[in-house]
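Following: one structure in structure tokens, then a few remarks.
Computed over heavy atoms, backbone and side chain alike; hydrogens, waters and symmetry mates excluded. These numbers were taken from a predicted model, which means no experiment stands behind them. Labels below follow one simple rule: chain letters A, B, ... track the order of the sequence lines, proteins then strands, and each chain is numbered from 1.
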Protein chains: 2
Amino acid sequence: MENYTEMLRAHHLKATPQRIEITNALLINGHLTIEKLYDILLKKFNSISLATIYKNINLMIENAFIQEVKIPNAKSVYELTKEAHSHLVCEKCGSVEDLHIDLSPMKKLNLSKVDFQVNKVDMVLSGICKNCQ
Amino acid sequence: MENYTEMLRAHHLKATPQRIEITNALLINGHLTIEKLYDILLKKFNSISLATIYKNINLMIENAFIQEVKIPNAKSVYELTKEAHSHLVCEKCGSVEDLHIDLSPMKKLNLSKVDFQVNKVDMVLSGICKNCQ
DNA sequence: CTGACTGCAAACGTTTTGCACGGTA
DNA sequence: TACCGTGCAAAACGTTTGCAGTCAG
């Protein structure tokens, strides 16, 4: 928390209560849609605006504090930026979990037949989570 | 072409000129946004409606003829359904190419520590394509 | 104290819907 | 011929913008 206050200031962004609560909600919940984030923040600020959520999400994406995760057949979720990882998405309950798996071999495509310089790998594994099995 | 006419009928969908042109455009172009698809179809049908495009895209997704590909920082593209594969997206020119690479090892996650039954793997590699290097 | 941020309302772009007409089977 | 599909217009949705008041630094 204090952590993100400093991070915000380091990027010349004011550490408003709304912004701190956004990072907090993501820290606790891991992955959130705009909708759920709004619901959560409404409990803390009874008159927070969706516009504020959008403005801050976009600002924080630009500053690389958070990232959007696009998911097949579902709304995007947002998460705090951490080391590169993939995602497990449950087709039943919609839960999203991180999967830390080494995809660096994928970055060496330029050495093989396909001539493409890979900068980033986004992988989503869809299936059934532990609880839903 | 005749191919898709049959496929449509097999699914109790009428093989209208608009639908045939959609499959045709995807067959020729590989990956298209709604926007580009609309532009292409406008040249064949000077009064085609965006509503028609959307209705048909959704219908054909439901019938598994085509698939949506969600791309980081860009609009979704649509492609004809074929065997599972990944995508190479150029960050400079925006081009999308198929990459046929074996990801079946990813499906065996349930055998390891992570208990998750993987049904589908969606991977997008972002970087710089051959032409843009 | 001052510029940045919030919340509201309006605007915007994209996607969906309802309906009358037209075309496929 | 019967019904499905098209095109139009309007509506619904998610997101962005402009602005006046407020707050963090």
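Test A:Ile71, A:Val69, A:Leu88 against A:Val96 for side chain to side chain contact (heavy atoms under 4.5 Å, CB included) and you get one pass: A:Ile71.
Closest contact between the side chain of A:Thr16 and the listed nucleotides C:dC5, D:dT6, C:dG23 involves C:dC5. For B:Lys14, taking side-chain heavy atoms from C-beta onward, the closest of the listed nucleotides C:dG23, D:dT6, C:dG3 is C:dG23. Side chain of B:Ala51, nearest nucleotide from D:dT6, C:dT17, C:dC8: C:dT17. In the set D:dT6, C:dC8, D:dG5, the nucleotide with an atom closest to the side chain of B:Lys55 is D:dT6. Nearest to the side chain of B:Leu13, among C:dA25, D:dG5, C:dT16, sits D:dG5. You'll find that the side chain of A:Arg9 is closest to D:dG25, out of C:dT17, C:dG7, D:dG25.
OP1 or OP2 of D:dT16 lies within a sub-4.0 Å distance of a side-chain N or O belonging to A:Asn58. Of the side-chain N and O atoms in A:Thr52, one or more sit less than 4.0 angstrom from OP1 or OP2 of C:dG7. The shortest distance between the side-chain N/O atoms of B:Gln18 and the OP1/OP2 oxygens of C:dG23 is not below 4.0 Å.
Ionic pairing of B:Asp122 and B:Lys70 is not present here: no N-O contact between side-chain nitrogen and carboxylate oxygen is shorter than 4.0 angstrom.
The stretch residues 30-47 of chain A has no heavy atom under 4.0 Å from DNA chain D, so no residue of it qualifies as close.
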